[in-house]
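Reading through the structure tokens given below for one structure.
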Protein chains: 2
Amino acid sequence: MRHSAEHVLHQAMEKLYPGLLAAMGPATAEGFYFDFDPRGQKISETDFPKIEAEMRQIIKADLPIVRREISFSEAQKLFKHNPYKLEWLNNIKKKGEKAIVYATGKDFIDLCAGPHVTSTGKIGPFKLLSIAGAYWHGDEKKPMLTRIYGTCFATQKELKHYLWQQEEAKKRDHRLLGQKLELFFISNAVGQGLPIILPKGATIIRIIQQYNRQLQESLGYQEIMTPHVGLKSLWQTSGHWQLYRELMYEPMKIENKDYLLKPMNCPFHILAYKHKTRSYKELPLKFAEYASVYRLEKSGELNGLLRVRGLMQDDAHIFCEEKDLKSVIWEVIDLCQTHYRHLGIKDYQMRLSLRDPQKKKKYLGDDQLWLLAEQALEKALKEKKINYYLAAGEAAFYGPKIDPIVKDSLGREWQIGTVQLDFMLPERFQLGYIDQSGKEKKPVLVHRAPLGSFERLLGILTEYYGGAFPLWLAPIQVRIIPIAERHLTFAKSLKTKLTNLRVDIDERNETMQKKIKEAEEQKIPYMLIIGDREVSQQKLAVRQRGEKNLGEMSVNQFFRRLKLEIEEKLVI
Amino acid sequence: MRHSAEHVLHQAMEKLYPGLLAAMGPATAEGFYFDFDPRGQKISETDFPKIEAEMRQIIKADLPIVRREISFSEAQKLFKHNPYKLEWLNNIKKKGEKAIVYATGKDFIDLCAGPHVTSTGKIGPFKLLSIAGAYWHGDEKKPMLTRIYGTCFATQKELKHYLWQQEEAKKRDHRLLGQKLELFFISNAVGQGLPIILPKGATIIRIIQQYNRQLQESLGYQEIMTPHVGLKSLWQTSGHWQLYRELMYEPMKIENKDYLLKPMNCPFHILAYKHKTRSYKELPLKFAEYASVYRLEKSGELNGLLRVRGLMQDDAHIFCEEKDLKSVIWEVIDLCQTHYRHLGIKDYQMRLSLRDPQKKKKYLGDDQLWLLAEQALEKALKEKKINYYLAAGEAAFYGPKIDPIVKDSLGREWQIGTVQLDFMLPERFQLGYIDQSGKEKKPVLVHRAPLGSFERLLGILTEYYGGAFPLWLAPIQVRIIPIAERHLTFAKSLKTKLTNLRVDIDERNETMQKKIKEAEEQKIPYMLIIGDREVSQQKLAVRQRGEKNLGEMSVNQFFRRLKLEIEEKLVI
């Protein structure tokens with residue numbers, strides 16, 4: 001249906017803009033788009049009502065949409081004025097495919113493999129969304145085309161929900177909020193996908209990291225520090241060079257040897273394990289590191305903090321005996337759940353990510369080890385009575401994994417952490433330990449990062465909370481707003497009293513109303529308005545984010561309230 | 001004198017090992033060495049008494065050492081049996097230098113530019129130290145030679161002191177202690193100069209980092225996070241590419257653009273500053289980051305943790321008004337001194353590192369800016385009445401600096417932190433701020449790292465304390481030693497009582513004596529021996545590192561003692 005709506009857009013455009021050349025366009029997961037070469041004509045979003053009206057005409061006419069297979073010479077004649085279609089036609093021919101066209105009524109025909117609805121009347125409620133520039137084939141050297149985005153749904157209700165969701169998503173867009181709240185920025189001078197996290201963003205990350213560290217210390221994790229580069233041979237042993245290379249930065253030569261920027265920490269943690277003979281008494285051995293890793297995501301897939309080329313993980317590798325595997329996995333799942341609960345994330349599901357059995361060459365190891373590993377993870381989930389769903393082809397190249405998938409209030413899904421089971425790398429790096437009977441055995445390796453990456457998490461939490469972070473995470477927790485200059489002394493002494501809180505004072509020479517408005521825009525959880533009354537009575541006039549006036553409180557009352565809110569990690 | 005002693009060694013060797021070929025050898029800062037090609041003969045340190053006896057003979061004979069300039073053909077005849085000397089002679093000839101030889105008595109002559117003492121009797125007390133393999137010209141593909149190290153001094157007392165110092169230094173060698181105490185290791189699989197810091201080393205670093213963070217937060221530093229790679233163009237703007245390139249890793253190409261691994265954080269912190277319009281109200285603005293930077297030190301200069309190819313700095317950049325420069329510098333010097341005091345480092349001096357006026361091309365900027373910057377630092381030191389000494393040629397390429405130089409108990413000197421003043425980069429990156437009168441002005445930039453790098457600091461502290469770290473830094477602060485298995489329950493309950501301390505239990509089935517010995521070897525500050533008496537009386541038998549028996553204490557007494565020692569950062 002969306003594909004047919006895209007044809008209708010195309011047809012409407014040809015009628016409204018004679019001489020325009022239609023290039024290409026697909027249906028997408030959420031709608032459709034089409035790229036036009038306007039040949040000098042101006043098209044903007046203000047033209048949408050006109051285009052939509054034309055589209056409605058075509059839909060109302062309920063024109064039949066008919067598939068036809070034609071000869072290449074006929075097709076070449078049909079599209080002789082359109083170099084884009086001719087290029088496309090040529091590609092179809094080269095691939096040995098057939099020339100298929102779809103006609104809509106009598107006046108419109110396009111090269112298209114389909115499928116389509118049988119007539120335009122079957123297209124549901126639609127809407128054009130936006131306009132953007134796009135290069136032909138995404139190639140900077142090719143001409144710039146005009147891309148029109150739209151969507152359609154079976155019912156008006158669904159369309160409305162989608163448009164509301166889009167509107168809400170725009171308000172929560174972490175790239176916009178990141179700028180407005182000064183959390184981070186991405187600079188062309190640094191390079192694509194390499195964010196600089198500003199003090200407020202770094203505060204949120206540091207607090208989560210400290211919290212994460214405390215939890216992990218209590219579980220016996222031991223932190224180590226490993227370099228960001230290592231010899232290529234290390235990545236050949238691990239298999240990254242063979243199976244993960246397209247996501248790795250180019251090698252750097254030092255004294256005739258190739259070094260690589262690390263995309264993962266595994267080989268280093270494995271070397272730290274291997275550094276001495278290990279005994280079963282030391283297992284499970286848990287090496288943790290807050291380390292930045294570098295992955296060369298395609299530039300077209302980069303997206304603010306959500307997809308970057310450098311990210312800091314809450315990474316750890318657990319080396320354990322095979323017999324302890326289930327309890328290790330359970331402990332990690334518990335850790336994930338504790339984290340999500342404290343971060344206020346309620347709605348999530350576990351995805352069990354398996355090997356794609358059709359593409360075994362993308363993975364290390366043999367069928368038997370994969371079966372073992374996949375069964376072990378599934379068993380752990382089942383016995384712990386955790387809801388999960390299967391996803392073939394989503395495994396890491398060295399093993400299957402459990403990926404928690406979070407749903408936000410707009411119904412959007414985000415992958416956060418990961419728990420990966422690995423029989424392969426202990427084999428390839430020839431790891432061992434001495435078991436209770438004095439025999440050498442091979443440990444099993446669990447790779448895990450309950451939070452995934454801190455950059456991505458910051459992006460997700462920003463969208464999740466629309467920038468209104470829970471108190472324990474808010475970069476500034478309290479803003480003191482003195483009404484006049486004579487209230488500044490009290491404001492400053494108040495600030496020193498609020499120890500262990502992140503407090504600032506808005507000292508500017510602005511109206512109280514403006515200061516409150518800006519504190520609201522900055523999503524600061526609490527505002528303390530200081531005027532004559534507050535100074536003389538030594539009381540606080542407390543406002544909460546979201547235009548809530550909490551009335552008067554003593555400093556102690558206020559302090560206790562915030563302490564509780566922070567300790568309990570409340571989401572208000 | 002050391003150079004002459006080296007000739008005497010050479011002469012003695014030729015007498016004792018006929019057919020041996022002498023390659024080359026210099027005097028060094030601490031002695032001398034000489035490389036021999038033994039041509040199949042075995043030479044080991046057990047031969048030293050024999051060689052030393054022969055050397056003493058030559059010295060006793062007080063043979064005259066005489067310089068002669070000879071023709072190249074004569075020299076070629078003289079050394080015709082020695083390909084090493086012939087190669088050397090060739091090089092001298094190519095460079096257009098003269099062939100100079102020194103004769104010792106009648107039987108010995110060597111190609112040498114001198115200078116020397118006038119006779120062998122003037123050579124003071126000497127000692128041969130060690131033997132090692134060394135490639136000719138340091139090239140793996142050239143033959144392996146035998147290098148003999150020795151030293152000599154004017155007096156027996158100086159020689160003795162030096163030998164004692166060497167012996168002590170060996171005991172404190174952080175590379176050996178690093179292995180013994182499991183602080184770190186360097187693996188050939190990772191690559192040279194890229195240490196992996198093990199849990200115990202990482203604990204020390206983390207504690208120092210947390211302490212450093214707390215101090216800096218109280219001074220208004222704001223942490224940011226920046227990537228480890230950035231576009232080459234960024235490093236061209238900063239001047240690193242032009243003046244620091246030999247210490248930088250090779251560029252990596254991404255989508256036709258060159259990216260570089262960062263050797264410093266400056267350009268990123270500068271971009272974070274530049275990210276929005278700054279007002280004088282925000283200055284001094286202090287961006288801090290615990291970031292790993294990568295520098296390609298020569299492989300011959302790598303040395304454990306002291307000289308590496310990847311290091312994590314306690315870095316920060318302070319952007320300030322020129323008028324505030326002195327107070328900013330003072331605050332940083334105070335911060336350095338606070339750090340060193342808390343780390344137990346008493347003996348240090350400030351080195352004022354200036355530009356080498358002979359090599360102006362190695363630096364950015366013009367004479368006037370350098371004069372300004374150098375004078376500003378010197379004035380700050382003088383007015384604060386701080387002892388300092390000048391060192392021309394030690395400045396950074398963008399500005400002069402103050403480098404604290406620490407002296408340890410063996411009299412060895414270490415550079416720890418750095419405070420650098422920079423007028424250049426604000427100019428090159430076109431930084432500005434709005435001053436009180438609304439005009440745009442250029443800020444001054446102070447680069448500073450009071451601790452330098454955490455890796456290096458860990459190495460220095462290990463040598464400084466010989467591995468016996470003060471309690472607040474010790475990776476394990478208390479070891480509980482149950483005498484028999486029946487004392488384990490008490491030991492475990494004791495461990496849970498000692499909250500916020502790093503405690504372990506030696507559960508092994510070994511004698512108490514052995515357990516104590518190993519705890520001493522591990523330099524663990526406190527040992528608690530748990531036997532029947534301790535269990536029944538609920539008392540602790542406390543031993544302190546260094547075989548000190550502190551007698552009985554209650555758990556509370558012990559806890560209070562340690563709390564005080566940690567809070568005061570005592571060095572015991």
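Chain identifiers are assigned alphabetically (A, B, ...) following the order of the sequence lines, protein sequences preceding nucleic acid strands; residue numbering begins at 1 within each chain.
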May I have a table of the donor-acceptor pairs connecting chain B and chain A at distances under 3.5 Å?
unit_1   : atom_1 : unit_2   : atom_2 : d
B:Glu182 : OE1    : A:Lys276 : NZ     : 3.2
B:Glu182 : OE2    : A:Lys276 : NZ     : 3.2
B:Val190 : O      : A:Leu231 : N      : 2.9
B:Ile197 : N      : A:Met225 : O      : 2.8
B:Ile197 : O      : A:Met225 : N      : 3.1
B:Met225 : N      : A:Ile197 : O      : 3.1
B:Met225 : O      : A:Ile197 : N      : 2.8
B:His228 : N      : A:Tyr294 : OH     : 2.7
B:His228 : ND1    : A:Tyr294 : OH     : 2.6
B:His228 : NE2    : A:His228 : NE2    : 3.4
B:Leu231 : N      : A:Val190 : O      : 2.9
B:Glu250 : OE1    : A:Lys253 : N      : 2.5
B:Lys253 : N      : A:Glu250 : OE1    : 2.5
B:Glu255 : OE2    : A:Ser299 : OG     : 3.3
B:Glu255 : OE2    : A:Arg309 : NH2    : 3.0
B:Lys276 : NZ     : A:Glu182 : OE1    : 3.2
B:Lys276 : NZ     : A:Glu182 : OE2    : 3.2
B:Tyr294 : OH     : A:His228 : N      : 2.6
B:Tyr294 : OH     : A:His228 : ND1    : 2.6
B:Ser299 : OG     : A:Glu255 : OE2    : 3.3
B:Arg309 : NH2    : A:Glu255 : OE2    : 3.0

Practice task
Identify which of A:Leu261, A:Val229, A:Leu296 forms the greatest number of heavy-atom pairs closer than 4.5 Å to chain B.
Solution key: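 Ranked by contacts with chain B, first place is A:Val229.
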
Given A:Gly230, A:Pro227, A:Ala202, the one with more heavy-atom pairs under 4.5 angstrom with chain B than any other is A:Pro227

Taking side chain as everything from C-beta outward and backbone as N, CA, C, O, which of these in [X] sits under 4.5 Å from a heavy atom of chain A? Side chain, backbone, both or neither.
{"X": "B:Pro267", "answer": "neither"}
{"X": "B:Leu198", "answer": "both"}
{"X": "B:Phe287", "answer": "side chain"}

Closest non-hydrogen atoms of B:Ile224 and A:Pro199, given as atom of the first, atom of the second and distance, are CG2-CD, 3.5 Å

Whatever's closer than 4.5 Å to a heavy atom in chain B on A:Ile205 counts as side chain

Notebook entry, point to check: Using non-hydrogen atoms only, which part of A:Ile254 is less than 4.5 Å away from chain B: side chain, backbone, both, or neither?
Noted result: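 For A:Ile254, the contact with chain B is made by the side chain alone.
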
In this structure, CZ of B:Phe454 is separated from CE of A:Met225 (nearest 0.5 Å) by 8.0 Å

If you tally heavy-atom pairs under 4.5 Å between each of B:Leu271, B:Ile197, B:Leu311 and chain A, the highest tally belongs to B:Ile197

